[in-house]
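Some notes on the structure that comes next.
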Number of protein chains: 2
Amino acid sequence: MAGFKGQADYSVDAKGRVALPAKMRRVLSPAANDTFVLTRGIERCVYLYPLDVWNKKEAAEFEHLNQYEPETRAMLRSMYRWADEETLDAQGRVIISKRLIEFAGIADKVTIIGALDRIEIWNPDVLTTELAEEDAQYGARIQLVMGKREAE
Amino acid sequence: MAGFKGQADYSVDAKGRVALPAKMRRVLSPAANDTFVLTRGIERCVYLYPLDVWNKKEAAEFEHLNQYEPETRAMLRSMYRWADEETLDAQGRVIISKRLIEFAGIADKVTIIGALDRIEIWNPDVLTTELAEEDAQYGARIQLVMGKREAE
DNA sequence: GGATTATCCCCCACATTTCCCCACAGCCTC
DNA sequence: GAGGCTGTGGGGAAATGTGGGGGATAATCC
C-alpha cells in the first residue's frame with residue numbers, strides 16, 4: 001500500500017463535514033470501500049484509518065491481547081469508545097463527530113496531514129505549535145530512529 | 001539502478017515548475033512511471049526519490065517501524081507530511097509545492113544535484129555556503145566512512 | 001397517537017485551482 | 001546547415017473544494 005503523504009488546509013462546514021484531499025483519496029485501496037475508522041489521536045488530533053487497514057490492525061494487534069489484564073482492558077476501551085466508522089460522500093467528504101471535533105479542539109478550519117498508514121486532522125494552530133519542535137529535530141530524529149535500526 | 005549524477009542550474013517558473021536535467025531523466029527506471037516523491041531534505045533542500053525507489057524504502061524501512069514509540073511516530077509524521085507525489089509533465093518538469101519551495105528557501109533559481117538514489121534541489125546560495133565545508137573535508141571524510149567499513 | 005421539529009443523507013451548483021496541451025527559442029548533434 | 005532535443009513560457013479544459021437545498025427517517029412535544 002502506498003502511504004498517505006502531504007499536508008493541506010481545509011475547512012469544516014456547518015454540518016461538520018471535511019473534504020479529504022484528492023491525492024489522499026487516490027491512494028485508497030478499493031477494499032477500504034471509501035470508509036474510514038476515525039478515532040482520537042495519541043496526540044491532540046483525529047486519526048483516520050482506511051477500513052481495510054484498521055481491520056488488519058485489529059486482527060494483528062488487538063484481537064489477541066489478554067483482556068484479563070486491567071491495563072489492556074483500559075487501553076482497548078479508551079481506543080474503541082472514541083472510534084467511529086464513517087463513509088465518504090459523493091464529494092469525498094467525511095463527517096467528524098462532535099466528540100472528536102471537541103477532543104481535537106477543532107473549529108472551522110483544519111490542517112490535514114498524511115502519516116503513512118493513516119490521515120491526521122488537526123486544529124491548524126495546535127499543529128503549528130506542537131510540530132514546530134518535531135520539525136526542528138527532524139535530522140536528529142531520523143538518525144535516532146533509523147540509525148538504531150541499522151544496529152540491530 | 002544506475003545512480004543520479006551531476007549538478008546543474010535551472011530556473012523555477014511562475015507556476016513552481018522545475019525541469020529535471022535530461023541526463024537524470026534517462027536514468028529513471030520505467031517502474032518509476034515518470035513519478036517522484038518529493039520531501040524535505042534532512043538538509044535545507046528538497047529530496048526527489050523516483051517512485052519505485054521510494055516504495056521500496058517504504059516497504060523495507062518505514063512500514064514495519066513501531067509507531068507506538070513517540071520518536072518513531074514523530075519522525076514518520078515529519079517525513080510524510082512534507083512528502084508529495086508528483087509526475088513529470090510532457091516537458092520533463094515537476095511541480096514543487098509552495099511549502100517545499102519555502103522550506104528550502106528557493107526563489108526563481110535552483111541548483112539540481114544527483115545524489116545516488118535521489119535528486120536534490122537547492123537554493124544555489126545555500127548550496128554554495130553549506131557544502132563548501134563538506135567539499136573541503138572530502139578526503140578526510142572518505143577515509144572516515146569507507147575506512148570504518150573495512151574494519152567490519 | 002398525531003403533528004411538529006430536528007437530524008441525517010443524497011443531490012445539485014458554482015468558483016477556483018490544477019492539470020494538460022500547444023508553442024517557441026537556443027543548443028548540440030549529425 | 002538542418003534537424004532533433006532541451007529548457008522555458010503561457011492558455012484552455014477538466015477536476016477539486018465548498019456551499020446549500022430538499023426529501024426521507026427518527027426524535028420530541030402536545
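All values reported here derive from a predicted model rather than from experimental measurement. Throughout, a chain's letter reflects where its sequence line sits, starting with A, and its residues are numbered from 1.
When rounded to the nearest whole Å, the span between OH of B/Y10 and C1' of C/dG26 equals 13 Å. Residue B/L88 contributes atom CG, which lies 14 Å from atom P of C/dC21 at whole-angstrom precision. Put simply, CG on B/D13 is 19 Å from P on D/dT6, counting in whole angstrom units. A straight line from NZ of B/K23 to P of C/dC28 spans 11 Å, rounded to a whole angstrom. One can place CG of B/D9 at 12 Å from P of D/dG7, the figure rounded to the nearest angstrom.
Because its NZ or CZ atom is not both nearer than 6.0 Å to the ring centre of A/W122 and within 45° of the ring axis, A/R44 does not count as a cation-pi partner of that residue.
To the nearest 0.5 Å, atom CE of residue B/M79 and atom CZ of residue A/R141 are 12.0 Å apart. The line from OH of B/Y47 to CG of B/D117 is 9.5 Å long, rounded to the nearest 0.5 Å. Once rounded to the nearest 0.5 Å, the distance linking CD1 of A/I96 with CD1 of A/I106 reads 5.0 Å. Atom CD of A/Q7 and atom CZ of B/R77 lie 11.0 Å apart (nearest 0.5 Å).
Electrostatic pairing of B/D84 and A/K23 counts as a salt bridge here, judged by a charged N lying under 4.0 Å from a carboxylate O. Under the 4.0 Å criterion applied to side-chain N and carboxylate O atoms, B/E120 and B/R118 are assigned as salt-bridge partners.
Residue contacts shown for B/L20 are limited to sugar-phosphate atoms, with no base heavy atom under 4.0 Å away.
Helix-axis bend for the helix from C/dG1-D/dC30 to C/dC30-D/dG1: the local axis fitted to the five terminal pairs at one end deviates from that at the other end by 20°, rounded to 10°.
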> Yes or no on side-chain contact (heavy atoms from CB on, under 4.5 Å) for A/V46 and A/R40, after CA distance, side-chain angles and deciding distance?
Replying inline: CA-CA 5 Å; A/V46 181; A/R40 63 176 282 183; over 6 Å; no
Restricting to nitrogen or oxygen on both sides, can you table the protein-nucleotides 7-11 of chain C pairs closer than 3.5 Å?
residue: C/dC9; atom: N4; partner: A/K15; partner atom: NZ; Å: 3.4

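When each of B/S11 and A/A14 is assigned the nucleotide of DNA chain D with its nearest heavy atom, B/S11 is the one assigned upstream, toward the 5' end.
Put simply, A/R26 has no side-chain N or O that comes within less than 4.0 Å of OP1 or OP2 on D/dA15.
A 4.5 Å side-chain heavy-atom check between A/T35 and A/L88 finds every atom pair outside the cut-off.
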